[in-house]
Amino acid sequence: MATQLIVNMNVMAQTVDDPGLVASLNQVRQLRLPGDLIIGGVFPVHGKSNQPGQPCGEIFETRGIHRVEAMLYALDMINAQTDFLRGYKLGALILDSCSNPAYALNQSLDFGALILDSCSNPAYALNQSLDFVRDMIGSTDASEYQCLDGSSPMIRHTSKKNVVAVVGASYSSVTVQMANLLRLFRIVQVSPASTNADLSDKNRFEYFARTVPSDNYQARAMIDIASYFNWTYVSLVYSADEYGELGADAFKKEARKQNVCIALEERIVMKKELMMESIDNLVKKLQPYKEVGARVVVLFVGSEYIPLLMEQVTERMPANKSKPQKKIIWLASESWDRNNEAYILGERKRVVDGAIVLMLESQRVPSFEEYYLSLRPGTDKFERNKWLKELWEQKFDCQFNLPEESSLNKCEHMVQSKENFNPDDKVQFVIEAVYAIAHALQAMKQKLCPDDVIEKEWIIRNGKIPEVCAAMRQIDGEDFYKNYLLHVDFLDPFLPIPKRVHFSPQGDGPAHYTILNYQPNNHAEYSDTERGGYREVGKWSEQKLEIYESEFFWNVENGGDGKVPISVCSPDCRLGYKKQLIKSDELCCWACSKCEDYEYLVNETTCQDCGIGRWPLENRTDCYDLATNHLKHMRINEWYSIVPIIFAVLGIMVAISVILVFVLYNETPVVKASGRELSYILLVSMIMCYAMTFILVSPPSTLGCALKRTGIGFAFSCLYSAMLVKTNRIYRIFHQATRTAQRPMCITPISQVFLTGLLAGPQLIGSLIWLLIVPPGTRHDYPTRGDVVLTCNVPDHHFLYSLTYCAVLIVLCTIYAIKTRQVPENFNETKFIGFSMYTTCVVWVSWIFFFFGTGSDFQIQTTSLCISISMSANVALVCIFSPKLWIIFFEKDKNVRKQDGDMFKKSFYSRNSSYRSTMYIHESDGQASREYTALLKDEKERRKISNNNNTVNRKSSSQPSPSITSAAQDTFL
Ligand code: GLU
């Protein structure tokens, strides 16, 4: 208490130091209304003066006079009810705060002074000191009364009554100062307008209540609006007083909770130069030419700051048609006075346009408006409020008491018109504050002195000084506040829509707000509560926000472009990008960085790996299993499959055609000389090779994988075994013939087929054992993060190893083909086998490089494998069988059996008749040797080979004679 007192004393001392203020204290600044119980009132009848030495400025019609009249009207209404308070009349002492805390504090000493008479008051000692201060600055109390004869009245000290409670003040800065003082005298205070959050603190303001809510709710409502429109980056401007500072604190607290960032905080004072600096900063953060920026500016400033603020912004942001810049959108607290013309004077309208303003939800009070409009000079009701005269003079530019003949405007003739009458928005709360006190007094009286009746008869009433019951003469503020005021609960009697009036335990009123949007250029019809270009665009009550989006200024029908304004620091990141905060504690400004393709967004700032085989959903909020609907495998209808299938089909058709031709020409020399069994084995092996394409391009399955693992190897092993047997046979015959006349082993067709089977068998057996060890099956392969491929359960390189045996066969076959490349047997068949083997080696080697080079693309790998297999079959088919087909179709003369007098006889029988028996064996076996000579291309070539051999043989003494060697070749081949 002592601290508070010192604070108050300091304020008063400042007041006293100000000579102007002292001088003005002699002016009339109070209004008294007699009554049995006095209710105080403090209203901003005048504004703060900008003139040094002048505490009070211009008169405020709405915030000042309307509120004073609302209090007087409420008292009239209460006093008119004879059953209410059982006859006690309520009087008033109304002070003008001049919107100035120091001045108001000085004024409210009058409430204290009235208590001074009471020596039983615990604040007696304190009051003495206050009285001392009052003496120092001089009381104006007596000067306000003048007797009709012009003499000064006698002050009846005995008649001084307690102020039971005070209605006021309006501005929080004034209210807080007053409450600090009044609590010392335990005077209850009920404010109809002060919303400062600290006033709910019952440790500091034990006797304070209000019919309006705390700004904590207002801050919440503002943040809800900002969040609704995604305005995450706003600037905050607040006045350097109890209203602005506390409001800003509450806003910041709420902003933190809802992740709204404050780009800039500007604490403003009523000084032009300082305000200019703040506005420069605001514009900088607004970034007028950019899409982003803190476009929304939250205003928590006292009403008197706004005209100057708007004026300065208008100067700083002049209209520029050639280079249009975006405008500030004000999000203003309820101190914004929509009735104040100064806000929108001239060019300021452009700056204010679009402002979103919170207003305490209220209704117009028709009976009060009727009362107010009936006030005219000369009537009692008019004369009792001396500030009305001042208002009349200012409003109607007239003067009172002018001589009859004066041409100047006479105020006595001036009346207010009903048109364009805009009452103050808080009239309802003033009436409710007065009624709340009256109801509390009624309840108290009911309890303390239920039978006390004041004489109603005027003679008795005027004959003696009316007295209230003893118990109520000294009302204890604490008792009154806690036991009566906080418990009032009544219906506001004047509102068109009934409303309950009651207080929260902290003494606050309910939090209901109306959201207005200033749209001066929209001439739509406004409802009753909307006026002067302010349109109702939403509501906030009890934590619930309701927004009528179509009513906002950006709506096309209201002349806007339909785009909700943006007030953000950084634009949203595109899908698949995470926010990278520029400062770790700054939630609203970020850069965008791309997530990996396989990552999803856990939240806006974190990308997380979906895991192998999983892929983010399109909206990146979660992942899904790729295998469910993006499983890849060879599909028959894709080019990767179609091309090898075409190859395979053509190959099969050709191979079958060759088989048919061979079958048709089965008995012709060329077919017979080819070794029919091996030829058919070769052709079937080739068909098997081609058929592998169909297995490879079909979707992997257990059976498909088993066939792949066995089939390819088996087809190759058959093909190359047969070729190896063929080349090996030729080699052996040729090789043996050069050394001995003995017939080589296993050269019969049966043994060749058997040998082929023997050579091909290990591959098949190996594959089957492998199938037993690693059973066939499918698995998911993940060649890249985005692919899941259905594949066989053995890795491809294992499959390659399984072909090693075939490779050995190919190598051996190639070696034999090289060795026998000169042997002209069967139209140089070995030479063509040689071509086939070289090409096969090239195909295989290049395929292996290709296979490992293409890395992870299963389609390319499979296609290349199919084509390589088909190519291997193709080269064999072309190289081995095309010469034979050529002879069959185009050199038919060579494909005839020459039995008599032919070259065969000439050559063989002339040389050595001892070989006849051998030839016979061959003939009887149906061997190609019988036809050999007939199939030699020409005699010249044959001789050449013989000569070559003779040359070789001559060099070696161990070799048989040339004639024998040549004959042996002829015989066995
Ligand atoms: N709520 C404002 C304050 O606490 C006063 C607004 C008004 O007087 O209308 O300062």
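Whatever order the structure lists ligands and atoms in, that order sets their numbers, starting from 1.
Checking side-chain atoms of S335 against main-chain N and O of V301 turns up a donor-acceptor pair under 3.5 Å.
The protein residues lying under 4.0 angstrom from ligand 1, judged by non-hydrogen atoms, are R63, R67, S170, Y171, S172, A193, S194, T195, Y243, E334, K426.
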Stepwise ring-ring contact (aromatic ring centres under 6.0 Å, His included) test for Y518 and W330 = CA-CA 10 Å; Y518 183 57; W330 306 102; over 10 Å; no
Determine, stepwise, if the pair Y481 / F208 fulfils ring-ring contact (aromatic ring centres under 6.0 Å, His included).
-> CA-CA 8 Å; Y481 181 82; F208 180 83; 8.5 Å; no
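Between K418 and E369 there is no salt bridge, since no side-chain N of the basic residue sits under 4.0 Å from a carboxylate O of the acidic one.
Results of the side-chain contact (heavy atoms from CB on, under 4.5 Å) test with Y435 over V501, I78, L75 single out I78 as the only residue that passes.
Ring geometry for Y73 versus Y371: interplanar angle of 30 to 60°, hence tilted.
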